[in-house]
Engineer: 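Shown below is the structure under consideration.
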Amino acid sequence: MKKLIALFLSLTMAASLAACGGSASSAASSAASTADSTAASSEAASTAEGEDPYAALGDFTMVVGHAQPEGNPRFVSMEQFAKDVSEATNGHVTVEVYGNGQLGTEKEMLEQVVAGTIQGMRGGQFDFSPRLLMFTLPFLTQTRAQVTALLQSDLAKSVCAEAEAETGTVIINLCDAGGYRQFSNSKHPITKPDDLKGLKMRTNGMKTIDMTFQALGATTTTIPYSDLYMGLKTGVADGQENPWVNVQGMKFYEVQQYFTEVNYQFHPDPFYVNATWWNSLPEEYRTIISDCATKMGEYNDQLIDENSEAAKQAIIDAGCEIYEPTDEEIAAFQEAVQGVYDQCIEEGICTADELAQMQQIVANAK
């Protein structure tokens with residue numbers, strides 16, 4: 001009997017030891033598994049951190065304003081610019097775009113950029129960089145290729161570089177503000193220079209527009225872009241000048257009846273950025289933003305070319321008259337404004353040498 005009890009106790013202890021041994025083995029295995037998992041997680045986190053080369057550069061916000069409404073090439077290309085910058089910096093640079101004049105007139109927005117209240121603005125505002133007006137001489141170009149050649153020329157780069165020293169801004173891109181500009185009014189068709197005599201034409205205060213209209217016999221009045229529709233509707237001005245895409249986007253065709261496709265001028269569209277803010281950015285971000293701005297400018301000009309004819313047709317469909325001058329009639333307008341070139345040289349907007357450079361660039365453009 002004692003032997004049986006001893007045998008039973010021996011078997012029980014063996015089973016208990018086996019059980020204890022099994023628990024120890026399981027715990028060791030679990031600990032090893034946990035360690036492996038922790039190491040894997042750490043490695044994954046390290047890899048994820050390595051995939052974001054901009055994480056250590058900090059986060060920045062770029063507030064940018066412009067005057068154009070939704071659907072305009074400037075509006076669309078600015079929205080794309082914001083997306084491109086965010087994607088290229090892994091979200092570390094956020095571009096907040098305020099279109100449709102939400103931040104004020106173009107002049108007010110440029111003043112905010114100079115003061116550092118906002119970081120950037122796009123628009124044909126040259127009060128602080130008047131030498132850019134040299135590219136707005138009437139009838140200087142006739143084709144998209146010529147416009148592009150001028151805006152990408154060394155001369156244009158040199159003029160843009162002057163802006164930082166004079167205004168505390170950096171121009172990171174120079175594209176087309178909307179395409180070739182046309183005349184319109186509410187009184188009668190404009191088919192020759194004399195038809196402008198006695199008309200009060202709105203300008204944005206740009207010297208070359210004032211000079212051109214005055215050379216053609218019109219008087220001028222300055223009205224901010226955001227107020228232009230009401231200015232035309234109430235008769236503050238008889239007429240205005242703008243590209244087809246702007247006329248459609250701002251619905252000027254509702255308050256103007258007679259249009260003339262004169263293609264007399266294009267406007268550069270500088271992208272001004274506060275120089276102090278710009279220079280505070282890491283070099284990597286400046287490179288990315290500059291590259292995205294170049295893409296934005298190309299996309300903007302493409303949209304203008306694609307949309308101009310459709311905008312013109314929409315104006316016709318609205319019941320407006322569009323007069324298309326003959327080559328001989330255009331020559332008469334060109335002849336009437338030749339004095340504007342001399343005025344620009346006299347006022348220091350450009351030199352005679354720079355005018356010759358521009359004319360050579362245009363002649364060589366393909």
Side-chain angles (χ1 to χ4, degrees), residues 62-85 95-113 118-127 129 132 135-136 144 147 151 171-182 184 202-206 209 222-232 240-256 259 265-273 292-293 295-312 314-315 318:
M62 183 182 189
V63 176
V64 182
H66 67 86
Q68 295 295 359
E70 187 172 353
N72 182 277
R74 186 183 299 165
F75 190 106
V76 176
S77 60
M78 281 302 303
E79 293 295 315
Q80 186 61 49
F81 168 76
K83 292 177 183 177
D84 289 345
V85 170
V95 180
E96 297 179 0
V97 182
Y98 294 87
N100 206 22
Q102 293 180 72
L103 301 182
T105 66
E106 290 189 334
K107 184 176 182 179
E108 290 169 344
M109 284 186 279
L110 183 52
E111 289 171 344
Q112 292 173 60
V113 175
I118 62 176
Q119 286 69 53
M121 72 84 65
R122 257 185 71 190
Q125 172 52 245
F126 309 119
D127 281 10
S129 304
L132 283 169
F135 302 111
T136 69
R144 164 61 66 196
V147 170
L151 295 181
I171 296 175
I172 62 172
N173 185 257
L174 194 65
C175 57
D176 185 352
Y180 281 111
R181 305 177 77 85
Q182 323 300 345
S184 74
R202 173 268 179 182
T203 81
N204 61 0
M206 189 182 295
I209 303 178
T222 301
I223 301 174
Y225 186 69
S226 57
D227 298 332
L228 179 52
Y229 183 97
M230 287 305 298
L232 295 170
Q240 60 89 51
E241 54 75 58
N242 257 296
W244 295 129
V245 292
N246 290 7
V247 172
Q248 181 194 26
M250 297 296 284
K251 299 184 178 180
F252 297 146
Y253 55 81
E254 293 181 349
V255 289
Q256 297 279 270
F259 290 81
Q265 191 185 55
F266 82 92
H267 289 178
D269 187 2
F271 191 164
Y272 295 98
V273 175
C292 291
K295 287 174 57 181
M296 173 209 70
E298 293 170 350
Y299 183 42
N300 175 82
D301 293 355
Q302 175 189 333
L303 289 172
I304 289 171
D305 292 343
E306 291 175 352
N307 294 345
S308 287
E309 281 302 314
K312 177 183 174 182
I315 295 163

Engineer: Test your reading of the model: is there a side-chain donor-acceptor pair from Tyr272 to the backbone of Gly123, 3.5 Å cut-off?
Structural biologist: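 Here the side-chain-to-backbone pair does not exist.
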Engineer: Between Asn72 (side chain) and Arg74 (backbone), is there a donor-acceptor pair under 3.5 Å?
Structural biologist: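 Side chain of Asn72 to backbone of Arg74, a donor-acceptor pair under 3.5 Å: yes, one is there.
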Engineer: Between the main-chain N or O of Leu303 and the side-chain N or O of Glu306, is there a donor-acceptor pair closer than 3.5 Å?
Structural biologist: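 Not a single qualifying donor-acceptor pair exists.
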Engineer: Looking at side-chain heavy atoms only, is the closest gap between Val247 and Gln182 below 4.5 Å?
Structural biologist: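 No, too far: nothing below the 4.5 Å cut-off.
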Engineer: Under a 3.5 Å distance rule, please check whether Gln119 uses its side chain to pair with a backbone N or O of Val63 as donor and acceptor.
Structural biologist: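 Side chain of Gln119 to backbone of Val63: a pair is present.
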Engineer: Please test Thr136 against Phe266 for side-chain contact (heavy atoms from CB on, under 4.5 Å), starting from the C-alpha separation and ending with a verdict.
Structural biologist: CA-CA 6 Å; Thr136 69; Phe266 82 92; over 6 Å; no
Engineer: Contact between Asn307 and Pro73 at the side-chain level, heavy atoms closer than 4.5 Å - yes or no?
Structural biologist: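 In contact.
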Engineer: Is it true that a side-chain atom of Gln240 and a backbone atom of Phe252 form a donor plus acceptor pair closer than 3.5 Å?
Structural biologist: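 Not confirmed, Gln240 side chain does not pair with Phe252 backbone.
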Engineer: If we ignore hydrogens and angles and just use 3.5 Å, is the side chain of Ser129 paired with the main-chain N or O of Leu132 as donor and acceptor?
Structural biologist: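 Not confirmed, Ser129 side chain does not pair with Leu132 backbone.
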Engineer: Taking all heavy atoms of Ser226 and all of Thr105, pick out the closest pair and write down the distance.
Structural biologist: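 So the minimum-distance heavy-atom pair works out to OG-CG2, 4.4 Å.
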Engineer: If the condition is salt bridge (charged side-chain N to carboxylate O under 4.0 Å, His left out), which residues does Asp176 pass it with, not counting sequence neighbours?
Structural biologist: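 Testing Asp176 for salt bridge (charged side-chain N to carboxylate O under 4.0 Å, His left out), a comparison that skips the adjacent residues, returns Arg144.
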Engineer: Going by salt bridge (charged side-chain N to carboxylate O under 4.0 Å, His left out), name the residues that satisfy it together with Lys251, two or more places apart in sequence or in a different chain.
Structural biologist: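 So Lys251 forms no salt bridge (charged side-chain N to carboxylate O under 4.0 Å, His left out) with any residue.
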Engineer: For Glu111, what residues pass the salt bridge (charged side-chain N to carboxylate O under 4.0 Å, His left out) criterion, not counting sequence neighbours?
Structural biologist: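 Not a single residue meets the salt bridge (charged side-chain N to carboxylate O under 4.0 Å, His left out) criterion with Glu111.
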Engineer: What are the two closest heavy atoms between Ala82 and Val97, and how far apart are they?
Structural biologist: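 Smallest heavy-atom distance, with atoms named: CB-CG2, 4.1 Å.
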Engineer: Might you work through the side-chain contact (heavy atoms from CB on, under 4.5 Å) test for Val85 and Met62, ending with a clear yes or no?
Structural biologist: CA-CA 10 Å; Val85 170; Met62 183 182 189; over 6 Å; no
Engineer: Ser308 side chain to Asp305 main-chain N or O, any donor-acceptor pair under 3.5 Å?
Structural biologist: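 No, because the side chain of Ser308 does not come within donor-acceptor range (under 3.5 Å) of the backbone of Asp305.
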Engineer: Heavy atoms, side chains only, cut-off 4.5 Å: are Arg122 and Cys175 in contact?
Structural biologist: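 Contact flag for Arg122/Cys175 side chains = yes.
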Engineer: Which residues satisfy the side chain to side chain donor-acceptor pair (under 3.5 Å) test with Gln256, sequence neighbours excluded?
Structural biologist: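 In terms of side chain to side chain donor-acceptor pair (under 3.5 Å), with neighbours along the sequence ignored, Gln256 is linked to Ser184.
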Engineer: So, for Pro69 and Phe75, which heavy atoms are closest and what is the spacing to 0.1 Å?
Structural biologist: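 Closest pair (atom of Pro69, atom of Phe75, distance): O-CB, 3.2 Å.
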Engineer: Which heavy atom of Met109 sits nearest to which heavy atom of Gly104, and what is that distance?
Structural biologist: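 Looking at all heavy atoms of both residues, the shortest contact is CE-O, 3.4 Å.
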Engineer: Tell me if a side-chain donor or acceptor on Gln248 pairs with a main-chain N or O of Val245 at a distance below 3.5 Å.
Structural biologist: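 No.
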Engineer: What are the two closest heavy atoms between Pro270 and Pro268, and how far apart are they?
Structural biologist: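 Taking Pro270 first and Pro268 second, the nearest heavy atoms are CD-O, 3.3 Å.
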Engineer: Apply side-chain hydrogen bond (donor to acceptor under 3.5 Å, both in side chains) to residues Asn300 and Asp269 and explain how you reach the verdict.
Structural biologist: CA-CA 10 Å; Asn300 175 82; Asp269 187 2; 4.7 Å; no
Engineer: Only counting residues at least two apart or in another chain, list the ones meeting ring-ring contact (aromatic ring centres under 6.0 Å, His included) with Phe81.
Structural biologist: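 Listed in chain order: Phe271.
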Engineer: Taking Arg202 for its side chain and Ile223 for its backbone only, find out whether a donor-acceptor pair lies under 3.5 Å.
Structural biologist: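 Yes, the answer is positive, given that a donor and an acceptor are paired below the 3.5 Å cut-off.
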Engineer: Look up atom OG in Ser77 and atom CD1 in Ile304, then write down how far apart they are to the nearest 0.5 Å.
Structural biologist: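 Rounded to the nearest 0.5 Å, the OG-CD1 separation comes to 8.0 Å.
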Engineer: Can you name the nearest heavy-atom pair linking Val64 to Met78, along with the distance?
Structural biologist: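 Closest pair (atom of Val64, atom of Met78, distance): CG1-CE, 3.5 Å.
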Engineer: Determine, stepwise, if the pair His267 / Arg181 fulfils side-chain contact (heavy atoms from CB on, under 4.5 Å).
Structural biologist: CA-CA 8 Å; His267 289 178; Arg181 305 177 77 85; 3.1 Å; yes
Engineer: Just how far is it from atom CG of Asn242 to atom CZ of Phe259, taken to the nearest 0.5 Å?
Structural biologist: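 So the gap between those two atoms works out to 9.5 Å.
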Engineer: Between Trp244 and Lys312, is any pair of side-chain heavy atoms under 4.5 Å apart?
Structural biologist: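 Side-chain contact under 4.5 Å: yes.
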Engineer: What distance do Leu110 atom CG and Leu103 atom CG have between them, rounded to the nearest 0.5 Å?
Structural biologist: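 If we round to the nearest 0.5 Å, Leu110:CG and Leu103:CG are 12.5 Å apart.
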Engineer: Any sub-3.5 Å donor-acceptor pair from Gln68's side-chain atoms to His66's backbone N or O?
Structural biologist: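 Such a contact is absent between Gln68 side chain and His66 backbone.
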Engineer: What do the steps show when you test Glu70 against Asn100 for side-chain contact (heavy atoms from CB on, under 4.5 Å), and what is the final call?
Structural biologist: CA-CA 7 Å; Glu70 187 172 353; Asn100 206 22; over 6 Å; no
Engineer: Side-chain contact test, heavy atoms from C-beta onward, threshold under 4.5 Å: evaluate it for Ile118 versus Tyr98 and give yes or no.
Structural biologist: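 Not touching, per the 4.5 Å side-chain cut-off.
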Engineer: With a 4.5 Å cut-off on side-chain heavy atoms, are Phe126 and Met206 touching?
Structural biologist: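 When only atoms from C-beta onward are counted, Phe126 and Met206 do touch, with a gap below 4.5 Å.
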Engineer: For Lys107, enumerate each residue passing the salt bridge (charged side-chain N to carboxylate O under 4.0 Å, His left out) test, keeping only those at least two apart in sequence or located in another chain.
Structural biologist: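 If we apply the salt bridge (charged side-chain N to carboxylate O under 4.0 Å, His left out) test to Lys107, skipping adjacent residues, the hits are Asp127.
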Engineer: Below 4.5 Å, heavy atoms only, C-beta onward: do Val113 and Val273 meet side chain to side chain?
Structural biologist: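 The answer is no; the side chains never approach within 4.5 Å.
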